[in-house]
Amino acid sequence: MWAFTLRRLLYAVPVLLGVSMLVFALIHLAPGDVVDILVPPEVPKEIADSLRQRFHLDEQLYVQYVAWLGRLMVGDFGVSFFTGRPVAEELFGALGNTLVLALPAAVLGFLLGIALGALAAYNHGTWLDKLFSATAIIGVSLPHYWVGIVLVAIFAVVLNLLPAQGMGFEGLPTSWEHVQHLVLPVVTLSLIPMGVISRLVRANVLEILSQEFVGTLHAKGLFSRRVLYHTLKNAAPSALALMGLQFGYLLGGSILVETVFNWPGSGGLMNLAIFRRDVPVLSATIVVLAAIFVVINILVDVLQALLDPRMRR
Amino acid sequence: MEDSATLAADPAMALKRAQQGKSYWRRVWERLREDKVTLAVIAVLGMLLIMVVFAPWFTIHDPYAGSVLRRLKPVGTPGHWLGTDEVGRDLWSRMLYGGRLSLLAGVAPVFLALLIGGFLGILAGYAGGLLNSAVMRLTDVLYAFPSILLAIAITGILGAGLQNTILALTISFIPPIIRISESVTTQVRHLDFVEAARASGARRLTIMRYHILSNVLGPILVYATSLISICIILAAGLSFLGLGVTPPSAEWGLMLNNLRQGIWASPLVAALPGVMIFITSMCFNLMSDGLRQAMDVRL
């Protein structure tokens, strides 16, 4: 088991190196360099060139890449062009805010998804199955940024029950007012994981229920609750893998929902960085989000291997 | 001898054998014909496609001609039955014209990713060895990004526009298609009939064409159709963020963003582009489910 974990961790190294190369290449593929973005066109060429020298932009690309990678490794993400604050400070604050959204959204989406999927499978062919399956397919087909707008229109504008925008104040929710800010974005974000997990759980449970060992368990006189336990245990590994992926999507893909709700998270930060052409913030955000996604995938693999020894190949 | 006699005597088995005699695609078509939901969904998508492509036949107003005098008219306004948008342009016209770009940006990336990713995946799965390792390790790097993050990173850095949207989404969907194609091909490659073909002296290209392709294309195609619904939502999402199609083009995500401020004045009108994204994406999801069942594919 330890060997498996170590192997997975080691394999992450080349993947992350590839990620950093890709991000670096993308940024340097964009037309114009950083100085063109920062300096107005009427500024004399000598000043622009001296700036290029100062930022080491006149050096070979691979030299620039190695220097950038070296700084990333020691946690030095540079300074924001726009605010002048260290990128690490801005990024980790924003990531914390995204986590405040993503965690409850994941818990809500996964619990609902498992419940709906398992109930649909156990009531296979009945109207309950049809209702829950329809809910799941609607969940995966809805553009969630649109759902956010509709929820704001209903609950903030018409009913005036919940705040439409923002986080209240940053940090962990401590008061009822703070929690109120969470409700709409969390519900919006939980829709996709709910639909995706529910569809997988339904398919998995149906398949397991059709297998011979379930009949044997019934024949042995086990209560249906024990059978349910065995079914869920068999359905768990693949559901777990999907949940890990979905959690990664919630963290990395929250940009749309964060934009709708003006949430000061990592997605919102990335959106700002794109429009301000704030290259240090943008590159650091992409690399860190991808690194988190890789780590989540490793955790999922290890957990899966713990649950199902066949995975430890 | 006795076995075949009992088999022939059993009508259920005889029927099954007769059915097995039919070609695969004939059985797929028979199953599809029974599936009312999938047929209805395909009809809806077909209708949508016709209305979008021949938009001038179904509209009377210019989708780009606005007037300050008739801004944000509600649904049911005489002459503008779906109302007007924030600069007074007819919403029905914009919805139909907007469907052109939305459908293009939703379908083209999956199609391109299917061509590129399918080719690389099948090649990697069939060749195995070093080529497989090279393709799959590169895929792992792209896989380290959640697809929306990769698409946003690419359009964010290269700039907005339809071309960059299609490019970004194509790159985002190549890795999952490579993975599926590679795994399906590897499975088929190790089946007995491929071994038999090889042992009987069939050439590599022949094996690839007759034995591998015919068995892997179904699952890969079904998987790709399931990506279209995600791609439509993401493409509209990029425009919604201002990273996709640029104004004044009509596109559902962009319209949704522009109408956001109008949600207080005319909530139904502001919600309509989102309804179109939802209906289209759901139709593609249901179609993909129907195809998966009809083609008896498990992924």
Side-chain angles (χ1 to χ4, degrees), chain A residues 11-12 14-19 21-23 26-31 133 137-138 140-147 149-150 152-154 157-158 192 195 199 203 207 245 248-256 259-260 267 270-271 273-275 277 279 282-283 285-286 289-291 293-294 297, chain B residues 137-160 168 171 226 229-230 232-238 240-243 252-253 256-257 259-260 263-264 267-268 270-286 289 298-299:
Chain A
Y11 184 57
V15 169
L16 285 174
L17 263 180
V19 166
M21 275 182 212
L22 192 71
V23 174
L26 256 179
I27 285 183
H28 286 267
L29 266 179
S133 301
I137 202 156
I138 289 174
V140 291
S141 307
L142 279 170
H144 51 311
Y145 38 95
W146 174 72
V147 176
I149 299 175
V150 172
V152 166
I154 298 173
V157 180
V158 179
I192 295 180
R199 278 158 68 90
E207 168 151 9
L245 271 179
Y249 290 153
L250 282 182
L251 285 178
S254 60
I255 178 165
L256 284 159
T259 309
V260 171
M270 195 169 151
N271 200 9
I274 288 172
F275 288 102
R277 312 284 318 160
V279 175
L282 185 58
S283 50
T285 312
I286 301 172
L289 283 176
F293 197 53
V294 171
N297 278 331
Chain B
R137 296 301 81 82
L138 281 176
T139 311
D140 284 346
V141 172
L142 286 178
Y143 232 90
F145 299 90
S147 49
I148 173 111
L149 181 69
L150 189 58
I152 288 172
I154 295 171
T155 48
I157 291 168
L158 296 186
I171 296 176
S226 77
S229 116
I230 305 173
I232 283 181
I233 295 180
L234 287 188
L238 286 177
F240 177 74
L241 286 175
L243 294 173
W252 295 337
L256 192 60
N257 189 17
L259 280 165
R260 243 175 100 190
I263 199 146
W264 321 122
L268 202 57
L272 279 174
V275 175
M276 287 310 289
I277 305 173
F278 167 55
I279 290 176
T280 318
S281 133
M282 184 140 106
C283 284
F284 275 111
N285 257 330
L286 287 169
D289 281 4
R298 284 184 183 186
L299 289 170

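- When all heavy atoms are compared, the tightest approach of B/P146 to A/G248 is CG-O, 4.0 Å.
- Heavy-atom distances place no part of B/N257 under 4.5 Å from chain A, backbone and side chain included.
- Between chain B and the residues A/L289, A/I255, A/V150, A/L282, the most heavy-atom pairs under 4.5 angstrom are made by A/I255.
- If you measure heavy-atom distances from A/V140 to chain B, the contacts under 4.5 Å come from both the backbone and the side chain.
- Interface residue A/L26: backbone and side-chain heavy atoms are both found under 4.5 Å from chain B.
- Between the CG atom in A/L256 and the CD1 atom in B/I233 there is a gap of 10.5 Å [rounded to 0.5 Å].
- Contact of B/F145 with chain A is made through backbone and side chain together, with heavy-atom distances under 4.5 Å.
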Under the side-chain contact (heavy atoms from CB on, under 4.5 Å) rule, what do B/L149 and A/F293 come out as? Steps first, then yes or no, please.
CA-CA 11 Å; B/L149 181 69; A/F293 197 53; over 6 Å; no
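- With rounding to the nearest 0.5 Å, the separation of CD1 in B/I277 from OG in A/S141 is 12.5 Å.
- Residue A/I137 holds its CD1 atom at 7.0 Å from CE of B/M282, rounded to the nearest 0.5 Å.
- Residue contact with chain B, scored on non-hydrogen atoms closer than 4.5 Å, is absent for A/L16.
- For B/A236, the parts lying under 4.5 angstrom from a heavy atom of chain A are both the backbone and the side chain.
- Side chain of A/Y145 to main chain of B/G274: no donor-acceptor pair is present (N/O by atom type, distance under 3.5 Å, no hydrogens or angles).
- Among residues two or more places apart in sequence or in another chain, the ring-ring contact (aromatic ring centres under 6.0 Å, His included) test is passed with B/F284 by none.
- Residues B/T155 and A/I274 are not in side-chain contact: their nearest non-hydrogen atoms beyond the backbone lie 4.5 Å or more apart.
- Summarising the geometry, atom CG belonging to B/L272 is positioned 9.0 Å from atom CH2 belonging to A/W146; distances are rounded to the nearest 0.5 Å.
- A search for salt bridge (Lys or Arg N to Asp or Glu O under 4.0 Å) contacts involving B/D140 returns B/R137, B/R179, not counting sequence neighbours.
- Using a 4.5 Å heavy-atom cutoff, the side chains of A/V15 and B/Y143 are not in contact.
- For the atom pair CG of B/N285 and CZ of A/R199, the computed distance is 5.5 Å after rounding to the nearest 0.5 Å.
- Most heavy-atom pairs under 4.5 Å with chain A, from the set B/L138, B/I152, B/L234, B/L150: that is B/I152.
- Contact count against chain A (heavy-atom pairs under 4.5 Å) is highest for B/L241 among B/L256, B/L241, B/V275.
- Only the side chain of B/I148 comes within contact range of chain A, judged by heavy atoms closer than 4.5 Å.
- Taking A/I149, A/V294, A/T259 one by one and counting their heavy-atom pairs under 4.5 Å with chain B, the maximum is reached by A/I149.
- If you measure heavy-atom distances from A/V158 to chain B, you find no contacts under 4.5 Å at all.
- Of the two parts of A/M21, neither the backbone nor the side chain holds a non-hydrogen atom closer than 4.5 Å to a non-hydrogen atom of chain B.
- Proximity to chain A involves both the backbone and the side chain of B/L286, based on heavy atoms less than 4.5 angstrom apart.
- Contacts between A/L22 and chain B at a heavy-atom distance below 4.5 Å involve the side chain alone, from C-beta outward.
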